[in-house]
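Letters A, B, ... mirror the listed sequences (proteins, then strands); counts begin at 1.
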Amino acid sequence: MNADVLEIKTEQLLKTKKRSQLFDVWLRLKKSKAAIAGLLLIGIFIFMAILAPVLVSYEDDALKMNVRVRLQTPGSDHWFGTDELGRDIFARIVYGTRISLFVGIISVSIALTLGGTLGAIAGYYGGKIDNIIMRFLDVLLAVPAVLLAITIVAALGASMLNLMIAVGVSNIPGFARVVRAAVLSVKDQEFIEAAKAIGAKDHTIILRHVLPNSMAPIIVFATLKVATAIMATASLSFLGLGIQPPTPEWGSMLAGGRSYIRDHMYIVLYPGMAIVLTVLSLNLIGDGLRDALDPKLK
Amino acid sequence: MRNKVLEIKNLKIRYVTDDGIVEAVNGIDMLIEKGRTLGLVGETGAGKTTTAMSILRLIPDPPGEIISGDIILDNIKLLEISENEMETIRGRLVSMIFQDPMTALNPSICVGEQISEAISIHQDVTKEGAKEKAREMLEIVGIPGSRMEEYPHQFSGGMKQRVIIAIALSCSPKLLIADEPTTALDVTIQAQVLELMKELKEKLEMSMLMITHDLGVVAEVCDDVAIMYAGRIVEQGNLEEIFKYTKHPYTEGLFNSIPNIDDRKAELIPIRGLMSDPYNLPDGCSFCDRCDYALDICQTEKPKKIYFSGTHFSECHLYSGNSDFQLNCGKK
């Protein structure tokens, strides 16, 4: 009887303890007001992206041209006004959220997978392999990221997939460097040597022992990079190399509205604000995460 | 002939760095029989850890390289097999306990998983089976199995060292290398951990190579002792021979540096000077600059092994012409 009670108590104790690591990070993140504001903002954007079909109609509001209501100022019919072709700007921003977030996340995933793999291999093995991989990436890094992305899109043709590839590839060197640095700081610790001493293979050591212990800087960098990727997407679309009209995308909305900026500035104001707010919120979250994941900074 | 578990013959290891060549291990021989414990004693930089790492073939290369010699573990010539074969030997035939338990465990994986990892690498078991065995190992080293899911930071130093012992022993290796396993622990925990290791060694019938600079630990757990200085074994023998019939001046110096519990006011007699520069070892005996008995020949010629019994030898010129020579043994 007594033993049972004790058993249950230890079980409970274990459960609270087990959760604690992630929970601790959340508690520290919660302390940062800026990070919470960022989380709220990005939450709103994600909410908009998911509920887009419920909020507005893609065909009728975001795509269909209606010259009778062109260039309307914001009002109760059209919250953010209409553009030069009579399309509802709010609807286009809502659908644009989907594209921006999707492209941002996918292109960062591409960069993280490829760059991370290269960086982990370079950092773990060191020596010649490290030199070859990093010098190659240095060459890639010498070309400005946006220029590189423009070249890739120009070569492959403008489409959403190519845009993601372009933004992803131009981010590979950055991720490789961050992952390599993180791996370097972990790989000489004794538990790595201990893992070797029990006969673990290299890939097991990298995947199970090195990477999980170098996650903190990688998570922070990835969060910040999603913001940059969203900006890059908007820039390329603004230049006509990304998402093609009439698909609603923030950057191409800016491009379309820029000739009307003098009399109808809301056409570019709202998409511009959408870009700024997404990027800002992601940066705030990134900064908050950096503090939360590194207890030494407290 | 008793069963040899580990035999090292004329092992030479050096590190090639930009500043020069460090001769870390200069031709040592070693023999550990089944069920015996050899204590490898020496000061920092004597080459103890390098010797141990060479048995696991984990010497970082570059800069380290094994120049010559043979390491034979359980009739396998370790220096001649491939890296893949070596991976199947590490952890199964030989495993290692590290000096600092605080850093030798992966902080992001719970301890149960770390033990079962070692098991599933070398044994053909299911995930559940490995977990069950891990729980068993944890209980063997005196930690309740219910703490399987906990992370290393939730354990104290002594507990962590127990976990590390559990990992090292999980595949019942023939040889356990313990690299200063108690240096980072306080004295009471030291005694517990040593007791545990001794007990498990007997239970699992393994041999052990105990690296330490604490002669107290040696007296506690070892059967044989090898005294290492500047990459050579300068004196070797069984426990009694080394402790009672000390032959080498360096060994004597080590004993003189231990506080005497019966006479607490007695001054310690440290060994004067520092260990000779490993970049530039002298031609003669490496210890002669610090030796109170040094002869002229010590400067110029390397001493040879002189046997006092079947097991006890010392590398010192003092005995070459005069086998009855006696050290002062602290009486100055």
What is the minimum heavy-atom distance between [X] and [Y], and which atoms define it?
X: Ala194(A); Y: Ala104(B); value: CB-O, 3.7 Å
X: Glu190(A); Y: Thr103(B); value: OE1-OG1, 3.1 Å
X: Glu117(B); Y: Ala200(A); value: OE2-CB, 4.4 Å
X: Phe191(A); Y: Pro107(B); value: CE2-CD, 3.5 Å
X: Met96(B); Y: Ala197(A); value: CB-CB, 4.3 Å

Ranking Lys201(A), Met215(A), His209(A) by heavy-atom pairs under 4.5 Å to chain B gives rank one to His209(A)
Point-to-point distance, once rounded to the nearest 0.5 Å, from CD1 of Ile167(B) to CD1 of Ile198(A): 6.5 Å
Gln189(A) side, atom CD; Asn106(B) side, atom CG - distance, nearest 0.5 Å: 9.0 Å
Within the supplied structure, the quantity of interest is the number of heavy atoms (other residues, nucleotides, ligands) at a distance under 6.0 Å from Arg177(A) CZ; does it exceed 12? no
Counting heavy atoms not belonging to Lys201(B), are there more than 12 under 6.0 Å from its NZ? yes
Residues Glu87(B), Lys196(A): salt bridge by 4.0 Å N-O rule: no
Name the region of Glu83(B), side chain, backbone, both or neither, that has any atom closer than 4.5 Å to a heavy atom of chain A. neither
Could you look at Leu56(B) and say if it's the side chain, the backbone, both or neither that has a heavy atom under 4.5 Å from chain A? side chain
Look at Asp100(B), Ile97(B), Val94(B), Ile164(B) and state which one has the largest set of heavy-atom pairs under 4.5 Å with chain A. Asp100(B)
Heavy-atom distance under 4.5 Å between the side chains of Met53(B) and Glu193(A), does that happen here? yes
